[in-house]
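Count residues from 1 along the sequence. From a predicted model like this one, the values you see are computed outputs, not experimental measurements.
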Amino acid sequence: VYDVTSGKKVEIQTGEPKEQYLTQITWDPTGKFVYIGVLNRDQNHLKLNKYDVANGKLVATLFEEKSTKWVEPQNPLTFLPNGKEFLYQSERDGFNQLFLYNTNGKLVKKLGYEKVIVKDLLDFDAKGTSVSYMGITNNGLDRQLFSVDLKSGKTTQITNVSGSHAAMFNSDKTFYFD
């Protein structure tokens, strides 16, 4: 980590073994911490770690994800506007789904919907109470727009016509272009 003001460099202490993959690197909204998925060489055991950027030390392992085959961490964390929770994407249930965690690593709730594969996480609504995403449905043939309420976990499918949709929202998230 490089401090552009002071010129100070801090090495994040990810520990042993040296042969590991570092993935899902995400800044904490405060800028004081960085979250890193530390994946073993066999790619079947992930530790989601929180590090202090001032000294590079491990603050906590928030949770671990293991698989007999592999863990596939491809997306950085997405912090909610409140800065106290984040969305984590995982294929641990067989296909990419959303999970809501607090910053202490406690699972708040699974936000997955039926057998919809989360393809692209889009954005939060203007109030920060729901998030939209493009989901793969119909055995991979369709791309549909979904919205999930973060408090209740209720998912609503926004587009319904079969096909490949791509949504672009206006600045206050009151309209989208498909």
Side-chain angles (χ1 to χ4, degrees), residues 23-39 46-53 59-65 71-178:
T23 184
Q24 298 177 298
I25 301 169
T26 309
W27 281 102
D28 180 85
T30 67
K32 296 177 182 179
F33 303 100
V34 66
Y35 295 77
I36 300 176
V38 178
L39 185 63
L46 175 86
K47 292 180 181 180
L48 184 66
N49 292 339
K50 180 179 181 178
Y51 297 91
D52 186 327
V53 297
V59 174
T61 296
L62 301 185
F63 59 85
E64 298 183 41
E65 187 173 342
V71 177
E72 199 168 3
Q74 295 187 22
N75 300 288
L77 308 178
T78 301
F79 278 87
L80 274 59
N82 68 19
K84 297 175 184 175
E85 296 172 309
F86 60 83
L87 297 173
Y88 174 76
Q89 294 184 50
S90 173
E91 293 187 6
R92 67 180 171 220
D93 290 344
F95 43 92
N96 198 43
Q97 293 279 290
L98 291 175
F99 298 85
L100 179 63
Y101 281 88
N102 68 23
T103 54
N104 293 321
K106 180 178 185 273
L107 177 63
V108 177
K109 69 174 53 91
K110 178 181 175 183
L111 297 173
Y113 181 64
E114 296 176 353
K115 291 194 177 202
V116 175
I117 300 167
V118 175
K119 176 67 176 146
D120 297 305
L121 192 58
L122 298 177
D123 208 348
F124 297 98
D125 67 351
K127 295 178 184 176
T129 59
S130 67
V131 68
S132 297
Y133 64 89
M134 297 306 301
I136 299 173
T137 63
N138 191 18
N139 294 318
L141 297 175
D142 289 349
R143 304 290 184 274
Q144 300 288 346
L145 175 62
F146 293 86
S147 177
V148 59
D149 182 277
L150 297 168
K151 187 174 182 178
S152 70
K154 182 180 186 273
T155 299
T156 304
Q157 185 172 338
I158 308 297
T159 57
N160 292 301
V161 176
S162 184
S164 192
H165 298 269
M168 183 174 21
F169 288 88
N170 66 344
S171 61
D172 66 359
K173 314 299 186 277
T174 54
F175 292 98
Y176 72 91
F177 178 79
D178 180 18

What closest approach, in Å, do [X] and [Y] show between heavy atoms, and which atom pair accounts for it?
| X | Y | answer |
| --- | --- | --- |
| G135 | V116 | CA-CG1, 3.7 Å |
| Q97 | G112 | OE1-CA, 2.5 Å |
| I25 | P76 | O-CB, 4.2 Å |
| P29 | G83 | CG-CA, 4.0 Å |
| Q24 | Q89 | NE2-O, 4.3 Å |

Discussion item. Heavy-atom count check: over 12 atoms from other residues, nucleotides or ligands less than 6.0 Å from K115 NZ?
Written reply: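 At most 12 heavy atoms, drawn from other residues, nucleotides or ligands, come within 6.0 Å of this atom.
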Worksheet entry | Whether over 12 other heavy atoms sit under 6.0 Å from N139 CG |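 Check fails, neighbour count at 12 or below.
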Check whether [X] reaches the backbone of [Y] with its side chain - one donor and one acceptor, N or O, closer than 3.5 Å.
| X | Y | result |
| --- | --- | --- |
| K109 | K151 | yes |
| N104 | K106 | no |
| T155 | Y113 | no |
| N138 | L141 | no |
| D125 | T129 | yes |

Interatomic distance, [X] atom [atom1] to [Y] atom [atom2] [nearest 0.5 angstrom]:
| X | Y | atom1 | atom2 | result |
| --- | --- | --- | --- | --- |
| S90 | F99 | OG | CZ | 5.0 Å |
| M168 | L122 | CE | CG | 11.0 Å |
| K32 | K50 | NZ | NZ | 11.0 Å |
| S162 | R143 | OG | CZ | 11.0 Å |
| F86 | N102 | CZ | CG | 7.5 Å |
| N49 | I36 | CG | CD1 | 8.0 Å |

Report yes if some heavy atom in the side chain of [X] is under 4.5 Å from a heavy atom in the side chain of [Y]; otherwise report no.
| X | Y | value |
| --- | --- | --- |
| F146 | L98 | no |
| T78 | V131 | no |
| E85 | L150 | no |
| L46 | E64 | no |
| L111 | L87 | yes |
| F63 | L107 | no |

Discussion item. Against F79, only a single residue in Y35, F33, W27 fulfils ring pair (Phe, Tyr, Trp, His ring centres under 6.0 Å); can you say which?
Written reply: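 Going through Y35, F33, W27 one by one, the ring pair (Phe, Tyr, Trp, His ring centres under 6.0 Å) with F79 is satisfied by Y35 alone.
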Worksheet item: Of the options T159, I158, L145, V161, which is the one that meets D178 in a side-chain contact (heavy atoms from CB on, under 4.5 Å)?
Response: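 So, applying the side-chain contact (heavy atoms from CB on, under 4.5 Å) to D178 and each of T159, I158, L145, V161, only T159 qualifies.
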Worksheet item: Only one of N96, D123, I117, V118 clears side-chain contact (heavy atoms from CB on, under 4.5 Å) with Y133; which?
Response: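 Among N96, D123, I117, V118, the one that satisfies the side-chain contact (heavy atoms from CB on, under 4.5 Å) with Y133 is V118.
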